[in-house]
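First the structure, in the form of structure tokens, and then the observations on it.
Positions are given from 1, in the same order as the sequence printed here.
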Amino acid sequence: MKYRFKYGSVAAVFALMAIFASCDDELDVDPRQNISEEDLLKNPDNAVKMVNGVYNKMLSYNMYSFPWIGITSITSDDADKGSTPSDTGTDKHKLDNLTFDASDISFNEVWKGRYDGIYRTNNALFYLEQFQIDESLKSRLIGEVKFLRAFWYFDLVRCFGGVPLVVGNIDLNDGEAINNLVFTRATKEAVYAQIEADLEDAINRLPLKSDYPLNDLGRATKGAAQALKAKVHLYQQEWDQAYALAGDVIMSGQYDLMEDYASVWREVGENQEESIFEVQATLTQGLIQYTDVQGPRGTPDLGWGFNTPSLGLSNSYEDGDVRREATILYVPSVLWDGFLAPTTWNNPRYNYKAYHSSIAESWNGNKAETAKNLRLLKFSDVMLIRAEAGFHLGMNDEVENMINPLRLRAGLGELSGITLQQIYNERRWEMAMEHERWFDIVRTGQAQAAMAANGKTFVPGKHEVFPIPDPQIAVSGGRLIQNNGY
């Protein structure tokens with residue numbers, strides 16, 4: 001495995017504070033030692049451990065596993081439910097058919113996962129301000145936490161529109177604060193404004209990727225904050241800002257395309273030049289069931305078999321595009337590690353980017369908690385953001401400068417006079433099965449036509465956002481207002 005920092009598991013090791021921290025054995029703090037709060041706040045290790053506990057949330061099942069896979073991929077025209085007809089995955093058949101409603105569990109899991117993470121960020125920020133440690137370290141840690149909070153609010157606003165905006169510690173006995181913040185939806189515009197503010201602060205505090213030592217590889221960087229902010233502006237059609245920020249990342253000299261597209265999602269691609277930010281998983285602290293959910297089902301059984309690439313996606317590629325075979329695991333075939341994909345597997349296609357080789361990559365024997373990293377921000381994504389924003393700004397030469405290197409790597413010829421639809425197509429093929437397609441077709445107005453071509457009915461005015469989960473409306477006493485159509 002590549003060098004990267006370990007999140008560690010999460011425990012309340014600060015006996016005097018309601019915060020989360022890493023609990024690697026050598027770093028545990030025994031509450032029986034009666035360490036004072038003053039001493040705890042002087043130790044930089046405790047500050048780092050607390051922030052590691054925030055990162056740790058990304059490994060949870062309700063963060064990037066089955067619920068997220070369901071609402072970001074299975075919903076889209078790029079993927080089908082997969083598995084077997086009788087195994088619905090609780091609600092994944094409804095997500096696949098766009099017949100979901102507010103009672104479906106995936107929405108509540110995604111909501112809870114992000115707010116669990118945001119709760120950790122708010123606690124961490126509260127206590128980081130009190131730590132008596134080197135100011136440069138403190139500032140960097142604050143930047144990392146604000147980046148993570150922005151990321152999770154970006155997930156929420158893309159999924160649900162305006163959501164409760166909580167950016168500070170809440171006294172659980174303060175009913176008025178809970179009703180006004182936790183149980184009241186902010187506007188979508190207010191959520192985006194907070195995301196932008198957090199990211200701007202993170203940009204000013206975080207180091208470049210190359211400035212981190214090897215054992216800190218994988219932490220949030222200036223480039224990651226710039227890349228995410230570029231995407232946030234893209235979603236709001238703020239083309240100038242998206243274009244400029246994407247350019248900052250591209251011209252930083254910190255990132256580049258990998259020569260082999262297929263390697264980006266394999267172990268050899270972890271934290272390499274194309275990686276801007278990814279979930280760090282190790283043999284001892286794996287990403288819960290991300291690969292297991294999508295592993296081939298049948299004999300031999302490598303997983304649950306969900307989230308299979310659609311025939312529509314497979315047929316959409318241009319002839320000779322190497323991204324097709326790097327994205328879609330076809331049955332039967334011989335896989336990149338020499339393993340035979342047999343006809344005894346239930347589905348004709350699986351997500352190749354989620355495949356974790358047990359014979360050619362680091363493996364602990366536990367397919368439910370594998371050490372495969374999950375890419376969240378990539379250099380190619382930033383190139384596509386600059387291309388799309390550049391098109392709207394009339395920067396035609398720069399559009400070609402961004403799109404053609406991707407096509408050449410894919411084994412295709414260069415384009416000139418590139419259209420907006422061609423940019424959308426390149427984005428689909430470059431980012432296929434990476435949890436972007438649903439959001440992309442919604443934000444670009446393609447969703448109704450794309451889903452109709454897939455035999456599904458997208459309802460304008462409703463399906464642009466998902467329903468606010470019923471359990472959250474119930475616990476709010478009806479203060480949370482449901483989205484239109486649900």
Side-chain angles (χ1 to χ4, degrees), residues 3-8 10-24 26-29 33 35-58 117-153 166-170 193-229 245 248-249 252-254 271 276-277 280 377:
Y3 290 103
R4 66 274 187 108
F5 82 101
K6 290 178 62 178
Y7 300 149
V10 176
V13 299
F14 292 162
L16 302 177
M17 296 180 280
I19 58 180
F20 295 91
S22 164
C23 71
D24 288 323
E26 69 273 16
L27 297 179
D28 275 350
V29 177
Q33 293 176 318
I35 298 175
S36 70
E37 181 173 326
E38 181 181 4
D39 288 339
L40 284 169
L41 293 173
K42 288 180 180 178
N43 188 339
D45 287 346
N46 291 337
V48 174
K49 289 164 59 180
M50 180 177 63
V51 174
N52 287 356
V54 181
Y55 280 102
N56 175 274
K57 179 59 192 176
M58 291 191 291
I118 290 165
Y119 173 80
R120 296 187 189 193
T121 66
N122 292 340
N123 274 332
L125 290 169
F126 176 79
Y127 285 107
L128 280 171
E129 293 290 357
Q130 302 177 50
F131 268 93
Q132 304 164 47
I133 59 175
D134 176 76
E135 287 299 319
S136 62
L137 173 62
K138 180 190 293 189
S139 180
R140 192 202 84 195
L141 293 173
I142 290 172
E144 293 179 50
V145 173
K146 287 196 172 184
F147 168 81
L148 293 171
R149 184 169 69 182
F151 217 127
W152 294 329
Y153 267 122
V166 185
V167 293
N169 274 14
I170 297 292
Q194 181 61 50
I195 293 169
E196 291 175 21
D198 276 348
L199 290 174
E200 189 61 31
D201 197 18
I203 289 168
N204 292 328
R205 293 175 182 272
L206 291 173
L208 298 171
K209 182 178 180 179
S210 60
D211 289 339
Y212 276 113
L214 278 179
N215 61 351
D216 278 330
L217 192 61
R219 291 186 177 276
T221 64
K222 180 186 293 288
Q226 290 170 325
L228 182 56
K229 196 165 187 282
L245 279 162
D248 288 342
V249 177
S252 70
Q254 299 290 301
N271 298 312
I276 296 179
F277 188 70
Q280 305 294 312
L377 288 170

**Listed partners of Lys138 passing salt bridge (charged side-chain N to carboxylate O under 4.0 Å, His left out), at least two apart** = Glu135
**Fill in**
For Gly143 and Ala202, the nearest pair of non-hydrogen atoms, with its separation, is O-CB, 3.5 Å
**Asked** Which pairs with one or both residues in residues 201-211 pass salt bridge (charged side-chain N to carboxylate O under 4.0 Å, His left out), sequence neighbours excluded?
**Response** Lys146-Asp201, Asp201-Arg205
**Complete:** Per side chain to side chain contact (heavy atoms under 4.5 Å, CB included), Met50 is matched among Val145, Leu128, Leu141, Asn123 by Leu128
**Fill in**
What one should report as the nearest heavy-atom pair of Ala124 and Val54 is CB-CG2, 3.9 Å
**Message:** What's the separation between atom NZ in Lys229 and atom CG in Leu245, rounded to the nearest 0.5 Å?
**Reply:** 5.5 Å
**Request:** Enter the distance from Thr221:OG1 to Ile203:CD1 here, rounded to the nearest 0.5 Å.
**Result:** 10.0 Å
**Message:** Between Glu196 and Glu200, is there a side-chain heavy-atom distance shorter than 4.5 Å?
**Reply:** no
**Separation between CG of Leu208 and NZ of Lys222, rounded to the nearest 0.5 Å** = 6.5 Å
**Prompt:** Which value, rounded to the nearest 0.5 Å, describes the distance between Ile133 atom CD1 and Asp45 atom CG?
**Reply:** 9.5 Å
**Prompt:** Taking only residues two or more places apart in sequence, or in another chain, which ones meet Arg140 in a side chain to side chain contact (heavy atoms under 4.5 Å, CB included)?
**Reply:** Leu137, Glu144, Leu206, Pro207, Tyr212, Asp216, Arg219
**Asked** How far does CD of Gln280 sit from CG of Asn52, to the nearest 0.5 angstrom?
**Response** 11.0 Å
**Request:** Using a 4.5 Å cut-off on heavy atoms from C-beta on, say whether the side chain of Leu148 contacts that of Met58.
**Result:** yes
**Asked** Is there a side-chain contact between Phe147 and Leu228, using heavy atoms and a 4.5 Å cut-off?
**Response** yes
**Request:** Under the side chain to side chain contact (heavy atoms under 4.5 Å, CB included) rule, what do Tyr153 and Val166 come out as? Steps first, then yes or no, please.
**Result:** CA-CA 10 Å; Tyr153 267 122; Val166 185; 4.0 Å; yes
**Message:** To the nearest 0.5 Å, what is the distance between OH on Tyr119 and CH2 on Trp152?
**Reply:** 14.0 Å
**Asked** Can you tell if the side chain of Phe131 reaches within under 4.5 Å of the side chain of Asn46, non-hydrogen atoms only?
**Response** yes
**Request:** For the residue pair Val51 and Val48, establish whether any side-chain heavy-atom pair is separated by less than 4.5 Å.
**Result:** no
**Prompt:** Shortest non-hydrogen contact from Val249 to Ala227?
**Reply:** CG2-N, 3.7 Å
**Prompt:** Any idea how Phe151 and Phe277 line up, ring-wise: parallel (<30°), tilted (30 to 60°), or perpendicular (>60°)?
**Reply:** tilted
